[in-house]
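First the proteins, then the strands, lettered A, B, ... as listed; each starts at 1.
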Number of protein chains: 2
Amino acid sequence: MSAAIRSPQPPLTRSVEDYLKSVFHLTSQGGFATTSDIAAMLEVAPPSVSGMMKRLSETGLIEHVPYRGVQLTPQGRRAALQMIRRHRILESYLTSKLGFDWGDVHVEAERLEHAVSEKLIERMADALGEPRYDPHGAPIPTAAGEIEEAELVTLAEADVGGSVILQEVDDEHPERLHYLAEQGLTPGVRLRVIERQPFNGPTIVRRDDGTTRVVGQELGLLLFCRPTDGE
Amino acid sequence: MSAAIRSPQPPLTRSVEDYLKSVFHLTSQGGFATTSDIAAMLEVAPPSVSGMMKRLSETGLIEHVPYRGVQLTPQGRRAALQMIRRHRILESYLTSKLGFDWGDVHVEAERLEHAVSEKLIERMADALGEPRYDPHGAPIPTAAGEIEEAELVTLAEADVGGSVILQEVDDEHPERLHYLAEQGLTPGVRLRVIERQPFNGPTIVRRDDGTTRVVGQELGLLLFCRPTDGE
DNA sequence: TTTGATAATTAGGCTAGCCTAATACCCTGT
DNA sequence: ACAGGGTATTAGGCTAGCCTAATTATCAAA
Ligand SMILES: [Mn+2]
Ligand SMILES: [Mn+2]
Ligand SMILES: [Mn+2]
Ligand SMILES: [Mn+2]
């Protein structure tokens with residue numbers, strides 16, 4: 001038996017936490033997260049990513065295959081899921097308990113997630129009744145680090161003629177979220193895909209109340225749907 | 001096209017914010033904050049303070065008189081008061097709305113104060129009904145940057161025979177705060193100073209319910225009281 | 001198979017914040 | 001007036017994270 005005590009690891013920095021989240025999101029469909037994708041997501045230069053990847057693989061949070069990309073180790077995945085839980089609980093709490101608009105909570109959570117204690121997050125989760133989805137429909141990992149995985153398709157590529165449930169909406173653009181709320185395009189709504197214009201044109205959908213919406217491709221790519229096979 | 005508009009001032013870092021708070025607290029009775037006092041309060045080495053004081057005076061947040069100490073400029077004072085408001089609103093919110101113990105909120109607020117937005121603080125203040133004192137009895141600065149100043153005396157030096165109202169309690173030591181709560185020594189309580197033992201001995205006080213408490217000097221120095229002249 | 005575009009890495013530099021060790025300053029007691 | 005002790009500053013160094021410019025690896029097209 002190794003006497004190696006579970007390292008009294010130094011707390012992760014804000015940067016490290018955000019890198020881990022990025023890698024998690026970029027590898028959620030499997031495969032590797034590339035340097036340039038991470039750089040784009042975090043708005044840093046690619047060499048900054050190379051440098052950070054070196055450090056993170058030295059500390060065992062990621063596996064780095066040079067010139068290929070990176071994946072999270074189990075330890076890195078745990079840390080990433082913890083951050084995602086924090087982020088989504090915060091978004092939920094700000095929305096439900098402090099009257100924040102669903103368009104404004106992401107940027108706030110992006111900072112707070114690095115400053116809250118485990119205890120505070122669990123108090124918030126408790127006050128909310130252990131929510132399973134955040135205000136944008138994204139699943140909230142459990143405190144134990146489990147997260148629901150779902151096969152979703154964007155509205156921009158959903159089969160014409162089929163029906164879908166709008167499940168999750170990209171949370172990063174306040175103005176788009178305001179617009180979507182106005183249009184009644186919020187998680188949970190059922191939509192029938194009526195038509196799609198060619199050349200990356202808009203998708204036309206009908207809500208259950210009979211009204212229709214014309215959704216451009218840019219927006220459609222941010223609406224994640226679950227197809228409902230029947231009618 | 002247009003003249004490049006530079007953001008007037010980059011956001012303050014966590015370190016800078018904590019230094020400004022320290023200077024505020026150390027100069028609240030007037031005079032200068034010394035390098036070694038700041039160093040002790042922030043648990044950094046004195047040269048770190050010298051370096052930071054240089055930068056802060058270059059950015060106009062403090063006035064530095066070499067070998068004497070520092071004071072806040074109006075701009076530095078505004079920033080410090082804003083941080084103190086954040087800190088105290090956070091402590092109040094965590095206590096009132098999320099069931100935190102008054103001994104545990106300080107350390108949590110010490111981190112969160114650097115991550116919350118102005119908007120979030122005002123939402124919390126609103127939810128609390130614009131509280132004027134934090135859980136430890138410290139006055140909360142207004143959003144406009146005004147703070148109540150009071151002449152308080154520690155229980156360890158209050159006149160024997162007089163009466164005092166316990167107004168404010170040092171907030172940094174969880175165990176001491178737990179003990180004080182047990183003893184019913186919380187802000188607002190009225191105490192008659194019965195006796196004080198010599199050689200920095202304890203102060204004996206009587207509460208309005210007739211029970212007495214023996215308060216050692218170490219604890220007594222952390223209890224800030226307002227003398228009530230009458231009986 | 002060579003080549004060129006693209007992506008990734010390395011090289012070198014910068015700032016914020018911290019440190020220790022060395023030095024300078026200030027004040028008080030003689 | 002001056003010496004010592006204590007405090008403050010300067011000198012020099014380190015890490016985390018970021019940057020740009022230069023270099024190298026990969027891969028697909030010619
Ligand atoms: Mn978000
Ligand atoms: Mn973040
Ligand atoms: Mn506090
Ligand atoms: Mn702080």
Side-chain angles (χ1 to χ4, degrees), chain A residues 7-23 26-27 31-71 76 79-80 83 110-111 113-115, chain B residues 4 6-7 9-23 26-27 31-72 76 79-80 83 110-111 113-115:
Chain A
S7 40
Q9 297 171 354
L12 303 181
T13 67
R14 170 172 182 166
S15 277
V16 166
E17 288 172 341
D18 280 337
Y19 274 97
L20 292 176
K21 279 203 311 175
S22 288
V23 175
L26 290 169
T27 54
F32 290 87
T34 68
T35 297
S36 41
D37 282 351
I38 298 168
M41 184 167 290
L42 293 176
E43 299 183 81
V44 298
S48 304
V49 177
S50 286
M52 182 61 90
M53 293 306 105
K54 184 152 181 291
R55 273 187 290 149
L56 293 186
S57 55
E58 278 162 5
T59 53
L61 291 161
I62 63 169
E63 197 69 44
H64 184 199
V65 182
Y67 291 99
R68 274 262 134 57
V70 299
Q71 288 181 317
M83 293 312 298
E110 200 56 60
R111 275 178 288 103
E113 62 190 1
H114 311 287
Chain B
R6 279 258 172 227
S7 42
Q9 43 221 5
L12 304 180
T13 66
R14 172 175 179 161
S15 275
V16 167
E17 288 172 340
D18 281 338
Y19 274 98
L20 292 176
K21 280 202 311 175
S22 288
V23 174
L26 290 168
T27 55
F32 290 87
T34 68
T35 296
S36 42
D37 282 351
I38 299 168
M41 185 168 288
L42 293 176
E43 301 183 82
V44 297
S48 304
V49 176
S50 285
M52 181 62 90
M53 293 307 105
K54 184 152 183 289
R55 274 187 288 148
L56 293 186
S57 55
E58 278 161 6
T59 54
L61 291 161
I62 63 170
E63 197 70 44
H64 184 198
V65 182
Y67 292 99
R68 274 264 137 54
V70 298
Q71 287 181 318
L72 294 173
M83 293 313 297
E110 199 56 59
R111 276 178 288 103
E113 62 190 0
H114 312 287

Novice: Kindly compute the distance separating NE2 (B:His64) from CZ (B:Phe32), expressed to the nearest 0.5 Å.
Specialist: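 Going from the NE2 atom of B:His64 to the CZ atom of B:Phe32 covers 9.5 Å.
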Novice: Does some side-chain heavy atom of A:Leu61 sit less than 4.5 Å from a side-chain heavy atom of A:Leu12?
Specialist: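 Contact flag for A:Leu12/A:Leu61 side chains = yes.
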Novice: Which sits closer to the 5' end of DNA chain D, A:Ser15 or B:Pro66, going by the nucleotide each is nearest to?
Specialist: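 So the residue in question is B:Pro66.
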Novice: Regarding A:Glu110 and A:Lys21, does a basic nitrogen lie under 4.0 Å from an acidic carboxylate oxygen?
Specialist: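 Between A:Lys21 and A:Glu110 there is a salt bridge, with a charged N closer than 4.0 Å to a carboxylate O.
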Novice: A:Tyr67 has an atom OH; how far is it from atom C1' of C:dT9, in whole Å?
Specialist: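 Those two atoms, OH and C1', are 4 Å apart.
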Novice: Answer yes or no: does atom CD of A:Glu43 have more than 12 heavy-atom neighbours from other residues, nucleotides or ligands under 6.0 Å?
Specialist: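 Result for CD/A:Glu43: open.
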Novice: When you match A:Arg14 and B:Gly69 each to their closest nucleotide on DNA chain D, which lands nearer the 5' end?
Specialist: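 The residue whose closest nucleotide sits nearer the 5' end is B:Gly69.
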Novice: Under the side chain to side chain contact (heavy atoms under 4.5 Å, CB included) rule, collect the residues that match up with B:Ser50, sequence neighbours excluded.
Specialist: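 Counting only residues at least two positions away or on another chain, B:Ser50 forms a side chain to side chain contact (heavy atoms under 4.5 Å, CB included) with B:Thr35.
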Novice: Could you pull out all residues at least two apart from B:Glu17 that satisfy side chain to side chain donor-acceptor pair (under 3.5 Å)?
Specialist: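 Side chain to side chain donor-acceptor pair (under 3.5 Å) list for B:Glu17, sorted by chain: B:His114.
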Novice: To the nearest 10 degrees, how far apart in direction are the end axes of the helix from C:dT1-D:dA30 to C:dT30-D:dA1, each fit to five base pairs?
Specialist: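 Taking five pairs per end, the axes differ by 20°.
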Novice: To the nearest 0.5 angstrom, please state how far the CD1 atom of A:Ile38 sits from the CD1 atom of A:Ile62.
Specialist: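 The CD1 atom of A:Ile62 is 7.0 Å from CD1 of A:Ile38, to the nearest 0.5 Å.
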Novice: Return the set of residues passing side chain to side chain donor-acceptor pair (under 3.5 Å) with B:Thr34 (not counting sequence neighbours), or none when no residue passes.
Specialist: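 If we apply the side chain to side chain donor-acceptor pair (under 3.5 Å) test to B:Thr34, skipping adjacent residues, the hits are B:Asp37.
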Novice: Under 4.0 Å between a side-chain N/O of A:Thr35 and OP1 or OP2 of C:dT9, yes or no?
Specialist: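 Yes, because at least one side-chain N or O of A:Thr35 sits under 4.0 Å from OP1 or OP2 of C:dT9.
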Novice: Check every strand shown and say whether A:Ser48 touches a base, only sugar-phosphate, or nothing at a heavy-atom separation below 4.0 Å.
Specialist: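 If one applies the 4.0 Å heavy-atom cut-off, A:Ser48 turns out to touch a base.
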Novice: Quick one: is C:dT9 close enough that its OP1 or OP2 comes under 4.0 Å of any side-chain N or O from A:Arg68?
Specialist: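 No, A:Arg68 has no side-chain N/O under 4.0 Å of OP1/OP2 on C:dT9.
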Novice: Under 4.0 Å from a heavy atom of chain B: give me the 5'-most and 3'-most nucleotides of DNA chain D that qualify.
Specialist: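 First and last nucleotides in contact are D:dA8 to D:dT10.
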Novice: Where along residues 49-62 of chain B does a heavy atom come under 4.0 Å from DNA chain D, residue by residue in number order?
Specialist: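 When residues 49-62 of chain B is checked for heavy atoms under 4.0 Å from DNA chain D, the hits, listed by number, are B:Ser50.
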Novice: Run through A:Glu113, A:Met52, A:Met83 and flag the one making a side-chain contact (heavy atoms from CB on, under 4.5 Å) with A:Asp18.
Specialist: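 Among the candidates, only A:Glu113 passes.
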Novice: Applying the side-chain contact (heavy atoms from CB on, under 4.5 Å) criterion to B:Val70, which one of B:Thr27, B:Val49, B:Val23 satisfies it?
Specialist: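 For B:Val70, the side-chain contact (heavy atoms from CB on, under 4.5 Å) check succeeds only for B:Val23.
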Novice: Heavy-atom count around A:Arg68 CZ within 6.0 Å, excluding the residue itself: above 12?
Specialist: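 No, the 6.0 Å shell around CZ holds no more than 12 heavy atoms from other groups.
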Novice: Hey, is the side chain of A:His64 poking within less than 4.0 Å of OP1 or OP2 on C:dT9, counting only N and O atoms?
Specialist: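 For C:dT9, OP1 or OP2 has a side-chain N or O of A:His64 closer than 4.0 Å.
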